[in-house]
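Structure record follows, encoded as structure tokens.
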Amino acid sequence: MDLINYRKQIIRKKVKRIRDALPKNKHAKLSSKIASTTIRSPIFDSANCVAAYSSIGSEVDTSFLIAKILDKGKSLLLPVIENNIKVLSFYEVIDFFADTVEGKWGIRQPDT
């Protein structure tokens with residue numbers, strides 16, 4: 001492993017420990033603030049298509065943001081890790097629960 005990847009790994013672990021230590025109410029409040037700020041931005045307002053991710057664990061909860069993207073009639077793109085070629089591909093999702101399945105690590109992803 002080269003030095004840059006080693007440092008990235010260390011930083012990711014540190015950030016995850018900090019996120020994991022957040023009280024649930026603080027996590028929810030911060031997630032809501034991030035989603036609200038995103039939704040109010042002029043870039044979001046003018047976008048026809050928005051890429052997002054399905055959150056797990058202590059990641060920023062994206063469920064509210066995903067719901068708003070779909071409620072506003074915008075195209076929602078979610079990632080899928082293409083294991084055979086190690087590429088991240090994005091697919092459109094019209095209905096979050098109907099169009100996604102539990103993928104690797106329990107993350108909801110488009111049913112391709």
Side-chain angles (χ1 to χ4, degrees):
M1 177 184 307
D2 64 32
L3 184 58
I4 291 173
N5 285 329
Y6 175 74
R7 287 181 176 169
K8 281 183 184 180
Q9 189 177 52
I10 298 296
I11 292 168
R12 283 186 181 119
K13 286 180 181 179
K14 183 177 181 179
V15 169
K16 186 175 183 322
R17 276 195 306 272
I18 293 168
R19 280 192 342 240
D20 289 348
L22 280 174
K24 288 189 188 278
N25 62 335
K26 180 76 170 177
H27 177 266
K29 189 175 185 176
L30 291 171
S31 291
S32 177
K33 187 174 183 177
I34 290 167
S36 295
T37 301
T38 302
I39 292 164
R40 287 192 315 266
S41 83
I43 294 170
F44 179 85
D45 191 49
S46 66
N48 295 319
C49 179
V50 180
Y53 66 92
S54 299
S55 54
I56 60 167
S58 64
E59 293 176 342
V60 171
D61 183 353
T62 58
S63 58
F64 179 74
L65 178 61
I66 286 171
K68 283 296 184 184
I69 292 166
L70 295 172
D71 286 347
K72 291 185 174 281
K74 298 178 183 293
S75 293
L76 169 64
L77 300 179
L78 293 178
V80 173
I81 298 171
E82 308 284 357
N83 287 328
N84 54 336
I85 54 175
K86 295 184 181 179
V87 170
L88 191 64
S89 301
F90 285 81
Y91 294 89
E92 186 172 13
V93 170
I94 306 297
D95 178 312
F96 183 76
F97 291 103
D99 298 341
T100 63
V101 295
E102 193 171 293
K104 197 171 188 177
W105 302 297
I107 301 169
R108 295 216 55 94
Q109 65 181 31
D111 186 11
T112 58

Same cluster or not: are [X] and [Y] linked, directly or through other Ile, Leu, Val, Met, Phe, Trp or Tyr residues, by side-chain heavy atoms under 4.5 angstrom apart?
X   : Y   : value
Y53 : I43 : no
I34 : F64 : no
F44 : L76 : yes

Just checking [X]: does its [atom1] atom have more than 12 heavy atoms from other residues, nucleotides or ligands closer to it than 6.0 angstrom?
X   : atom1 : result
N48 : CG    : no
L3  : CG    : yes
R7  : CZ    : no
K68 : NZ    : no

Taking all non-hydrogen atoms of both residues into account, name the closest pair between [X] and [Y] and its distance.
X   : Y   : value
C49 : L77 : SG-CD1, 3.4 Å
L88 : P79 : CD1-CB, 3.6 Å
D61 : S31 : N-OG, 3.0 Å

(request) Kindly give the cluster partners of V15, where membership spreads through any ILVMFWY side chain lying under 4.5 Å from a current member. (result) I11
(request) For the residue pair L22 and S58, establish whether any side-chain heavy-atom pair is separated by less than 4.5 Å. (result) no
(request) Indicate yes or no: at least one non-hydrogen side-chain atom of I39 is less than 4.5 angstrom from one of K72. (result) yes
(message) Between H27 (side chain only) and E59 (backbone N and O only), is there a donor and an acceptor less than 3.5 Å apart?
(response) yes
(request) Return yes if some donor-acceptor pair links the side-chain N/O of S36 with the main-chain N/O of K33 below 3.5 Å, else return no. (result) no
(request) Look up atom CG in L70 and atom CG in L65, then write down how far apart they are to the nearest 0.5 Å. (result) 9.5 Å
(message) Working to the nearest 0.5 angstrom, can you tell me the gap between R12 CZ and I10 CD1?
(response) 11.5 Å
Can you give the donor-acceptor pairs under 3.5 Å from side chains of residues 105-112 to other protein atoms, not counting sequence neighbours?
from : atom 1 : to   : atom 2 : distance (Å)
R108 : NE     : T100 : OG1    : 2.9
R108 : NH2    : T100 : O      : 2.5
R108 : NH2    : T100 : OG1    : 3.1

For residues 89-99, please give each side-chain donor-acceptor pair under 3.5 Å, one per line with the distance, not counting sequence neighbours.
from : atom 1 : to  : atom 2 : distance (Å)
S89  : OG     : E82 : OE2    : 3.3
Y91  : OH     : E82 : OE2    : 2.7
E92  : OE2    : S75 : OG     : 3.1
D95  : OD1    : F97 : N      : 3.1
D95  : OD1    : A98 : N      : 2.9
D99  : OD2    : I94 : N      : 2.8
D99  : OD2    : D95 : N      : 2.8

